Every structure is written in C-alpha cells, then in structure tokens.
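Being a predicted model, the structure only gives us computed values, none of them experimental.
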Amino acid sequence: MIVVLKQGVQEERRAQLIEWLKAMGLGIHISDGDYQTVLGLIGDTSKVDMDLIESLDIVDSVKRVTEPFKCCNRKFHPDDMIVEVGDVKIGGGNFCMIAGPCSVETEEQIVEVAKAVKASGANMLRGGAFKPRTSPYDFQGLKGQGIELLKIARQETGLPIVTEIMSVSDLHLFEDVDVLQVGARNMQNFDLLRELGSFGKPILLKRGLANTLKELLMSAEYIMASGNEQVILCERGIRTFSDYTRNTLDLAAIPMLRELTHLPIIVDPSHATGIARLVPPMALAATAGGADGLIIEVHNDPMHALCDGAQSLRPEEYDALSKQIMSIREVVAK
C-alpha cells in the first residue's frame, strides 16, 4: 500500500502519521520527491483502513500495490534511484561504462586492460576473481589473489572495481571491493542475497539464465528488504531456442523494467551474445533503448584468454565502440 501526502505537510504531522502506521506493525519506506512525499507501507496491510487514512487532511491519496515486490517498486519510489560508487553515478540520467576482462589472470594483464579501458572512457573496472564455470575442469579464477590484483589495478587507475561473489563464506574477502556482482547462476541464492542486504555495498544483480523480470525484481527485493537499497539491475540475455548466439538479449526488458522499478538498469552484451563482433551493435542498441550503462568484456589478448575470449573485445575495438556509444547517448539525451 502507498500513501501519498499533500504538498507542504508539516514535519510534525507527517511524523505522527508514520509513528501511527508503525504501531500497526508496518515497515515504512519514505520517498521524498520534488512535489510529493510517498509513504510505502510494507507488511500485512490487509487490516489497514484505507478510508480512514484517506480522510486525513494531510493525505492526498491511498492505493494498494498488488505486485509482490515493494521496496523496488516505482510506485513506492517514483523518482529514479541513483547509485553512487565513489565519484561514479549510475541511474537518473547518469550513464556508466564498466569494462574489463572476464577473468583476472595476471597483474600485468589486469593493469594493462584497466589503463586501456579508462583511456577509452570506462569509469569502472570489471574482472572475475571467482568464476562459476559449467565444467569443473575449466579455469575457476584466482579467487582471493584475483581480488588483490584488482585492487592493484584500482590503485594504478583510480577505477572502482566490480567483481562477482559466489558464496557467503567468501564475503570477508570483499570488504574492499566497490561493487559486488551477483551472477546469473546466483540470482536466486536467497541466503546470499540476504547477507548482501546487510553488507552495505552496491550490488550489481544479473538476471538469471531463464528467469522472468518479476523473479529478477523479487531477488532485488531480498537485498533491499534486508536494508541495502544500492541495487543495480543487469540484463545479460536469457536462454531461448536460438542456436547462433550464446543467449538472447532481451532489450524490451529495459523499458519494461523502467516502468516497474526505480532501480538503475545496465546491459551486458558480451554474455548475451557470446560473440565479440556482435557486442558493438547490441551495446549501441541497449544504449538507444535507454540503458543506464553497459558492462563489456575487454581483453588484451582474447585468443589466449583463460575464460570467454570469444566474446571479448580488444582494447582498440572497445575504444572505437566507446566513441559510438557517446554519439548515441547525445541523441538519446535530446
């Protein structure tokens, strides 16, 4: 349920209403906009007397929210959410470029790529330290050592680092990571999501291989209901009957999610296609479609990459793409 207050309500009267609602055992999500304040009521609202609340002279309207997701619902938070990572902002008209290799391999590799993508306009560095692989015989990542190498790259370039967490037991290793990524395979790892809700770091949440948008939002709800509102949604392609690309990039998810939630939405064209030459057109399409950012795999030697070389751009290819993305951004912003 949401309660919309009239403009110019005295703080004392607003506080009295909030305390009264809390006394009913409800959680209250407060969203202060330029023209109105929205109180999102979370919990069992079945016994709440809507007519009584609506009769109050400080209340403009009362509506029931039928969707199961509340915290991440745009009805609760009409204005776009802006997630801040140091000086980098994502959402609310701010566009974020995240780039780097699928896996951290060596100090030389991650530092070289970090410097290259920063020079091309990237404002965050991605790199996998823990790698969920389909085969147990494939490279599984450098784990803790990989995180340390990412920190070195951050020190060299100033780029905030984004890397994937796979298990609650590894959480202590991520204390100095700027953005924690929840990969597609862990989107419904609810124990992990709850822990990340109390961790206090921005979370990049990827859509699962065959999950609906509602399921993605419910996973975001787990994080937010546990106290962390700094969630970035990521569309990275879903499993379909297509046999020419790794996945199918659901570009319609961008405007649909924009209607449903206030959270920032970024797109991963690398995992969506699995083919380097398809990454640029899909990145441009996602930008034109209104995405708040892109996460793209870049490797200085894709032919010898230990993971996903086939979908990785070379630094010079990323540089050319970045210029095109900025051109599209100028058109979209008009």
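At distances below 3.5 Å, at least one donor-acceptor pair connects side-chain atoms of R126 with backbone N or O atoms of P101. A distance-only check finds no donor-acceptor pair linking the side chain of K206 to the backbone of L233 [under 3.5 Å]. Listed for the K70 side chain is a donor-acceptor partner under 3.5 Å among the backbone atoms of E67. Side-chain atoms of E229 do not come within 3.5 Å of backbone N or O of G227 as any donor-acceptor pair. Using a distance-only test at 3.5 Å, with no hydrogens or angles considered, no donor-acceptor pair links the side chain of E112 to the main chain of Q109. Side chain of N123 to backbone of C96: no donor-acceptor contact under 3.5 angstrom is found. N186 places no side-chain N or O within 3.5 Å of a backbone atom of N189 that could act as its donor or acceptor partner. Side chain of N247 to main chain of H271: a donor-acceptor pair is present (N/O by atom type, distance under 3.5 Å, no hydrogens or angles). Of the possible donor and acceptor atoms, one in the side chain of K201 sits under 3.5 Å from a partner among the backbone N and O of E175. Under a 3.5 Å cut-off, the side chain of R13 and the backbone N or O of I58 do not form any donor-acceptor pair.
Counted within 6.0 Å of CZ on R239, heavy atoms from surrounding residues, nucleotides or ligands total 12 or fewer; the atom is thus considered open. Atom CD of E54 has more than 12 neighbouring heavy atoms from other residues, nucleotides or ligands inside a 6.0 Å radius. For D49, the CG atom counts as densely surrounded, since its 6.0 Å shell holds more than 12 non-hydrogen atoms of other residues, nucleotides or ligands. Counted within 6.0 Å of CD on Q188, heavy atoms from surrounding residues, nucleotides or ligands total more than 12; the atom is thus considered enclosed. For K63, the NZ atom sits in a loose shell: 12 or fewer heavy atoms of surrounding residues, nucleotides or ligands are nearer than 6.0 Å. Counting heavy atoms of neighbouring residues, nucleotides and ligands inside a 6.0 Å radius, atom NZ of K143 exceeds 12 of them. Counting non-hydrogen atoms of neighbouring residues, nucleotides and ligands closer than 6.0 angstrom, the CZ atom of R133 exceeds 12 such neighbours. Under a cut-off of 6.0 angstrom, the local environment of NZ in K214 is sparse, with at most 12 non-hydrogen atoms contributed by other residues, nucleotides or ligands.
The minimum heavy-atom distance between A253 and L213, with the atom names listed, is CB-CD2, 3.8 Å.
Residue L171 is grouped with residue V179 when hydrophobic side chains (ILVMFWY) are merged at heavy-atom distances under 4.5 angstrom, including chains of intermediate members.
With contacts defined as side-chain heavy-atom distances shorter than 4.5 Å, the pair I266/L294 does not qualify. A 4.5 Å side-chain heavy-atom check between L321 and I296 finds at least one atom pair inside the cut-off. When side chains are defined from C-beta on, K6 does not count as touching T37, because their heavy atoms never get closer than 4.5 Å. Side chains of P315 and V298 form a contact here, defined as non-hydrogen atoms less than 4.5 Å apart. Residues P78 and V38 are in side-chain contact: their nearest non-hydrogen atoms beyond the backbone lie under 4.5 Å apart. Taking the side chain as every heavy atom from C-beta outward, L209 and R236 approach each other to under 4.5 Å.
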Intermediate values then yes/no, side-chain hydrogen bond (donor to acceptor under 3.5 Å, both in side chains), R64 and S46: CA-CA 10 Å; R64 288 203 180 275; S46 60; over 6 Å; no
Report the C-alpha distance between L313 and E297 in whole Å, list the side-chain angles of each, state the deciding distance to 0.1 Å, and finish with yes or no for side chain to side chain contact (heavy atoms under 4.5 Å, CB included). CA-CA 6 Å; L313 299 182; E297 293 193 356; over 6 Å; no
Could you please spell out the steps behind the side-chain hydrogen bond (donor to acceptor under 3.5 Å, both in side chains) verdict for T240 and S242? CA-CA 5 Å; T240 69; S242 175; 4.8 Å; no
Please test T287 against R329 for side-chain hydrogen bond (donor to acceptor under 3.5 Å, both in side chains), starting from the C-alpha separation and ending with a verdict. CA-CA 7 Å; T287 304; R329 282 285 299 158; over 6 Å; no
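A donor-acceptor contact closer than 3.5 angstrom links the side chains of E105 and H299. Judged by distance alone, the side chains of T273 and R246 never bring a donor and an acceptor atom under 3.5 Å apart.
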